[in-house]
Amino acid sequence: MKKNIVLIGFMGTGKSSLGRQLARRLGYRFVDTDSAIEEVTGKTVEQIFRRDGEIRFRSEENLLAQKLAGQSGLVIATGGGMVLNQENVELLKQNGVLIKLWAEPEVLLQRVKSKKRRPLLRRGDLRENVLRLLQERDGYYDVAEFTVDTGKLSFGEAINEMYRYIKKKGYLQ
Ligand code: S3P
C-alpha cells in the first residue's frame with residue numbers, strides 16, 4: 001500500500017503550497033486538512049473558530065485524521081495544530097510518513113501576514129503571537145522522521161529534498 005506523505009509544521013512553513021506540488025510530482029492525490037474541514041462543515045476555518053470555538057475545530061481535525069488514516073497514496077498538508085493531539089499523530093503515522101517543514105521565526109513572520117484561515121493570529125501583535133505559539137509548541141513537530149528548512153531552500157529545492165528522501169527510503173512503489 002502506498003504510504004501517505006504527511007506534511008506537518010507551523011503556520012507559514014509552506015505545507016499547502018509545497019504539498020500540492022509534491023502531490024503532482026508523485027502523482028498522488030492532495031489533501032489540505034483545512035480545506036477538507038471547510039468542505040465537510042460547510043464553514044470556513046475562521047467561522048468555525050468564531051462560531052463554534054477552537055475545540056470544535058480540533059475535533060473536526062481528529063475526525064479527519066481518523067478518516068485519512070485508512071487511505072493511501074495521499075499527500076496531506078496538515079493545519080499547524082494537527083499534531084498537538086497525540087492521537088492525530090498516531091493516526092497519521094499508521095500509513096503515513098511524517099515530514100516536518102520548518103523555517104526561522106523571521107521567515108514565518110513574513111509569510112503569515114495573511115491571516116486568512118489563521119484565527120489564532122488575528123488578535124493582538126502578530127510577532128508576539130507567533131513567538132508565543134512557537135514556544136508553546138516546542139517539540140510537537142519533532143514527531144516527523146525528516147525535516148526540511150523551507151526558509152533556506154527555494155520552492156523547487158524543497159520539493160526535491162522531499163522527493164529524494166521519499167525515494168531513498170523506498171516509500172515510492
Ligand atoms: C492552525 C493552523 C492553520 C489552521 C488553523 C489553526 C494552528 O493552518 O489549521 O488556523 O493551530 O496552527 P495552517 O498551518 O495551514 O496555517
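For ligands, and for the atoms within them, numbers begin at 1 and follow the listed sequence. Please read these numbers as outputs of a predicted model, since none were measured by experiment.
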With atoms numbered from 1 as shown, which atoms in ligand 1 lie under 4.0 angstrom from a non-hydrogen atom of [X]?
{"X": "Arg118", "answer": "10 (O), 16 (O)"}
{"X": "Phe57", "answer": "9 (O)"}
{"X": "Arg137", "answer": "7 (C), 11 (O), 12 (O)"}
{"X": "Gly79", "answer": "8 (O), 9 (O), 14 (O)"}
{"X": "Pro119", "answer": "10 (O)"}
{"X": "Leu120", "answer": "7 (C), 11 (O)"}
{"X": "Arg117", "answer": "3 (C), 4 (C), 5 (C), 10 (O)"}

| query | For Arg58 and ligand 1, does the shortest N/O to N/O distance drop below 3.5 Å? | reply |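 It does: an N or O of Arg58 is found under 3.5 Å from an N or O of ligand 1.
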
| Could an N or O of ligand 1 be found under 3.5 Å from any N or O of Phe49, whether backbone or side chain? |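 N/O-N/O distance below 3.5 Å does not exist for this pair.
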
| Within the distance-only criterion (no hydrogens, no angle test), does the side chain of Lys15 pair as donor or acceptor with the backbone N or O of Gly9 below 3.5 angstrom? | yes

Any donor-acceptor pair under 3.5 Å linking the side-chain atoms of [Y] with those of [X]?
{"X": "Glu90", "Y": "Gln94", "answer": "no"}
{"X": "Ser72", "Y": "Asn95", "answer": "no"}
{"X": "Arg117", "Y": "Ser16", "answer": "no"}

| Has Gln135 got more than 12 heavy atoms of other residues, nucleotides or ligands less than 6.0 Å from its CD? | no

| Same apolar cluster (I L V M F W Y, side chains within < 4.5 Å links), Leu18/Leu22 | yes

| message | Please say yes or no: joined through hydrophobic side-chain contacts below 4.5 Å, possibly via intermediate residues, are Leu120 and Leu109 part of one cluster? | response |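 Yes, Leu120 connects to Leu109 through the hydrophobic network.
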
| said: Among all the protein's non-hydrogen atoms, which is closest to atom 2 (C) of ligand 1, and how far away is it? | reply: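 That would be Gly80 N, 3.3 Å.
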
| For atom 4 (C) of ligand 1, the protein heavy atom that lies nearest, with its residue and separation | Asp34 OD2, 3.3 Å

